[in-house]
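Worksheet: one structure, shown below.
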Amino acid sequence: MRLSKYFLPTLKENPAEAQIVSHRLMLRAGMIRQTSAGIYTWLPLGFAVLRRIEQIVREEQEKAGAVELLMPTIQSADLWRETGRYDAYGPEMLRITDRHEREMLYGPTNEDMITDLFRQSVKSYRDLPLNLFHIQWKFRDEVRPRFGVMRGREFLMKDAYSFDVSAEAARRSYNRMFVSYLRTFERMGLTAIPMAAETGPIGGDLSHEFIILAETGESEVFLHSDLLALPAPGPEVSYDDDLAPVIRRWTDLYAATSDVHDAARFEAEVPEAKRMRARGIEVGQTFYFGTKYSKPMNAAVAMPDGTQAPIEGGSYGIGVSRLVGAIIEASHDDNGIVWPEPVAPFKVGLINLKSGDKDTDAACEDAYAKLTAAGVSVLYDDTDERAGGKFSNMDLIGLPWQLVIGPRGLKSGTVELKNRKSGERSEMTAEAALKKLTS
RNA sequence: CGGGGCGUAGCGCAGCCUGGUAGCGCAUCUGCUUUGGGAGCAGAGGGUCGGGUGUUCGAAUCACCCCGCCCCGACCA
């Protein structure tokens, strides 16, 4: 992508309304613009990151056996009445009346709808286990939206729903999602710790919040510090295996949000030197809720002996749009964002230090063409901005690599390659730089 | 929802107390000079001062009402 043909309205100054670093940087880097409280337009750069995160989530869900579909954002109130949640959910649910005076709502979550789909279509234990997910916009009318996309009213969420014939089987489904969450966050360069959590309006008796530690986090958490060093399961993990030992390794050590924190247990189980109290951002939550939805909605399947059994359910959310902010909270410096490569909107920022100079233009065009041909995503700053502005902007938007080409270096046959994260800069031939970026 | 704050050019702000020609920096546009970490000079454009009502000869400024946004707290992917 050539910057001259892109849409990247960056800001030099901090917008007054943005208090925390991810919100500030997202506005300044031209990733989002607010349209009203807690509601944002995703500009091209932000949208590119959102899609990369979404894709990682999708891939890891599919590896764990979940199947993607897409449910609507607008739902009928009738379904929610059936589960008793229409009244229970309260004013956070955005309620809408259509032209026929039918009561509708903008979905804050989809347990009711997916259970309805399930009961219409699945009748036999033979079709289970089943795990369906979608990645769709949600709306929760938060009392106080804040922190940019970290706590918006409209947000993109991946929600998966598992259906099983027994509590034991449901637990296996839960474990698969648990492991896939560890994998998902690991791939984004995040250390997410599963913690015992409250179940809230979703219900159920088993739940974990996946939390990344950050000073600006909204949750207070208590944990055994060894959890921070626990390696996530690798890409070779098999979801057909018994995953209980992995779960045990992650849940044996104490970790809880303040809602369910048990100070006595914390002190008994964790040696003093390992007791950690911190703040964190919740990026995902898993629930096992048994028959909470299947019973009131009559979602049952025929068992081998011919009897009907209500299905055992679980649901599993990941805040996809929140992750964009959370990753920035975890990865930035004074100059701007530092994208982990797997979620970066472009891998390389190509800086032409002197647009209009024949040799520099030619060298940049050549590098741009070769990188693009090799499948490397490049944002080529071909504008006639001054060099200083280009450097600052490129640091701000945080692409992992900067390839800097100017007349001075070309004279001695070199270009400069800068690693955004380490700040390390090295001069080398264009060939060497391209080789490094494409390998 | 309780408490606090803020709305003036695209962004950051001053002016308001004490009513009288709407200002500054950055950004934008034009020209010249510059050109390797947010350049200099000269010029230009851009505003229903969040909205309404009132007070007044006169309102960005005073009063009342409304709307929007932000922060702290209680609540949540």
Side-chain angles (χ1 to χ4, degrees), chain A residues 9-20 23-24 27-28 30 33-39 53 57 89-93 107-110 135-160 181 192 197-202 207-212 217-219 257-259 281-287 315-326 335-336 351-357 360 384-396 402 404-412 414-416 418 423 425 427:
Chain A
T10 56
L11 303 173
K12 222 181 217 182
E13 291 175 272
N14 287 322
E17 77 268 18
Q19 298 296 315
I20 67 166
H23 190 194
R24 262 202 316 267
L27 288 166
R28 285 194 51 206
R33 284 290 182 273
Q34 182 173 117
T35 62
S36 60
I39 304 179
I53 292 173
V57 170
Y89 215 92
E92 290 214 348
M93 188 151 73
T109 178
N110 285 63
I135 299 173
Q136 176 64 291
W137 292 92
K138 304 291 190 291
F139 195 93
R140 294 185 190 173
D141 200 358
E142 298 278 348
V143 200
R144 177 149 97 90
R146 66 190 119 161
F147 302 155
V149 300
M150 300 260 286
R151 179 74 173 266
R153 291 194 292 170
E154 186 182 60
F155 59 96
L156 186 61
M157 179 167 107
K158 184 284 299 180
D159 39 325
Y181 275 28
E198 274 194 328
T199 53
I202 309 285
S207 179
H208 289 91
E209 287 184 9
F210 286 71
I211 289 189
I212 64 172
E218 293 194 79
S219 322
T257 62
S258 57
D259 302 335
I281 301 165
E282 180 189 346
V283 289
Q285 187 165 10
T286 52
F287 300 91
S315 73
Y316 316 90
I318 289 181
V320 175
S321 49
R322 171 179 285 184
L323 272 166
V324 180
N335 296 323
I351 297 181
N352 182 331
L353 285 177
K354 194 167 183 179
S355 296
D357 177 80
T360 310
D384 45 20
E385 183 85 14
R386 303 170 61 81
K390 291 187 177 185
F391 285 126
S392 302
N393 245 322
M394 207 54 93
D395 280 351
L396 175 64
Q402 293 173 15
V404 183
I405 300 181
R408 192 177 297 173
L410 287 178
K411 234 174 257 173
S412 51
T414 62
V415 299
E416 184 182 289
K418 173 176 160 180
R425 294 186 280 192
E427 305 219 335

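Note that the coordinates shown come from a computational prediction; the quantities given were computed from them, not determined experimentally. Here is the naming used below: chain letters follow the sequence lines, and residue numbers restart at 1 for every chain.
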Worksheet item: Quantified in whole Å, what is the C1' atom distance between nucleotide B:A77 and nucleotide B:C17?
Response: 47 Å

Worksheet entry | Whether A:Phe391 stacks on the six-membered ring of B:G38 base, 5.5 Å and 30° limits | no

Worksheet entry | G-U wobble or Watson-Crick pairing nucleotide for B:A14 (cut-off 3.5 Å, both distances) | none

Worksheet item: Closer than 4.0 Å, any side-chain N/O of A:Gln19 to the OP1 or OP2 of B:C72?
Response: no

Discussion item. Partner lookup for B:G7, please. Criteria are Watson-Crick or G-U wobble with both distances under 3.5 angstrom; report none if nothing qualifies.
Written reply: B:C67

Fill in: Under 3.5 Å on both distances, the Watson-Crick or G-U partner of B:C41
B:G31

Item to complete: Can you tell me the pairing partner of B:G47 across any strand shown, Watson-Crick or G-U wobble, with both distances under 3.5 angstrom?
Response: none

Discussion item. Taking pairing as Watson-Crick or G-U wobble with both contacts under 3.5 Å, can you name the mate of B:A60, or confirm there isn't one?
Written reply: none

Fill in: Set of residues satisfying side-chain hydrogen bond (donor to acceptor under 3.5 Å, both in side chains) with respect to A:Lys158, sequence neighbours excluded
A:Gln61, A:Tyr181

Practice prompt. Would you mind reading off the distance between A:Phe147 atom CZ and B:C75 atom C1', rounded to a whole angstrom?
Written response: 14 Å

Worksheet item: Applying a 3.5 Å limit to both distances, which nucleotide forms a Watson-Crick or G-U wobble pair with B:G19?
Response: none

Worksheet item: Once you round it to whole Å, what is the distance between C1' of B:C26 and CD of A:Glu13?
Response: 5 Å

Fill in: Between B:G73 and B:G37 - C1' atom distance, rounded Å
43 Å

Discussion item. Looking at A:Arg144, I'd like to know whether one of its side-chain N or O atoms comes within less than 4.0 Å of OP1 or OP2 on B:C71.
Written reply: yes

Item to complete: For the pair A:Arg28 (side chain) and A:Thr10 (backbone), establish whether a donor and an acceptor sit closer than 3.5 Å, ignoring hydrogens and angles.
Response: no

Worksheet item: Is a side-chain donor or acceptor of A:Ser207 paired with a backbone partner of A:Thr286 at a separation under 3.5 angstrom?
Response: yes

Worksheet item: Would you say B:C76 has OP1 or OP2 under 4.0 Å from some side-chain N or O of A:Arg140?
Response: no

Worksheet item: Can you check the A:Arg24 CZ to B:C71 P distance for me, whole Å?
Response: 12 Å

Fill in: Assigned partner base of B:C75, Watson-Crick or wobble definition, under 3.5 Å
none

Worksheet item: Donor-acceptor pair, A:Arg322 side chain versus A:Met150 backbone, under 3.5 Å?
Response: yes

Worksheet item: Taking atom P in both B:G23 and B:G15, what distance in whole Å separates the two?
Response: 16 Å

Worksheet item: Does A:Phe139 have any ring-ring contact (aromatic ring centres under 6.0 Å, His included) partners at least two apart in sequence or in another chain, and if so, which?
Response: A:Tyr106

Practice prompt. Go through the N and O atoms of the side chain of A:Asp395 and the base of B:G37, and report whether any donor-acceptor pair is under 3.5 Å.
Written response: yes

Worksheet item: When the C1' atoms of B:U21 and B:G58 are considered, how many whole Å apart are they?
Response: 13 Å

Discussion item. Rounded to whole Å, please give me the gap between CH2 in A:Trp137 and C1' in B:A77.
Written reply: 12 Å

Practice prompt. Output yes when at least one side-chain N/O atom of A:Lys12 is less than 4.0 Å from OP1 or OP2 of B:A27, else no.
Written response: yes

Discussion item. Using Watson-Crick or G-U wobble geometry with both distances under 3.5 Å, which nucleotide pairs with B:G36?
Written reply: none

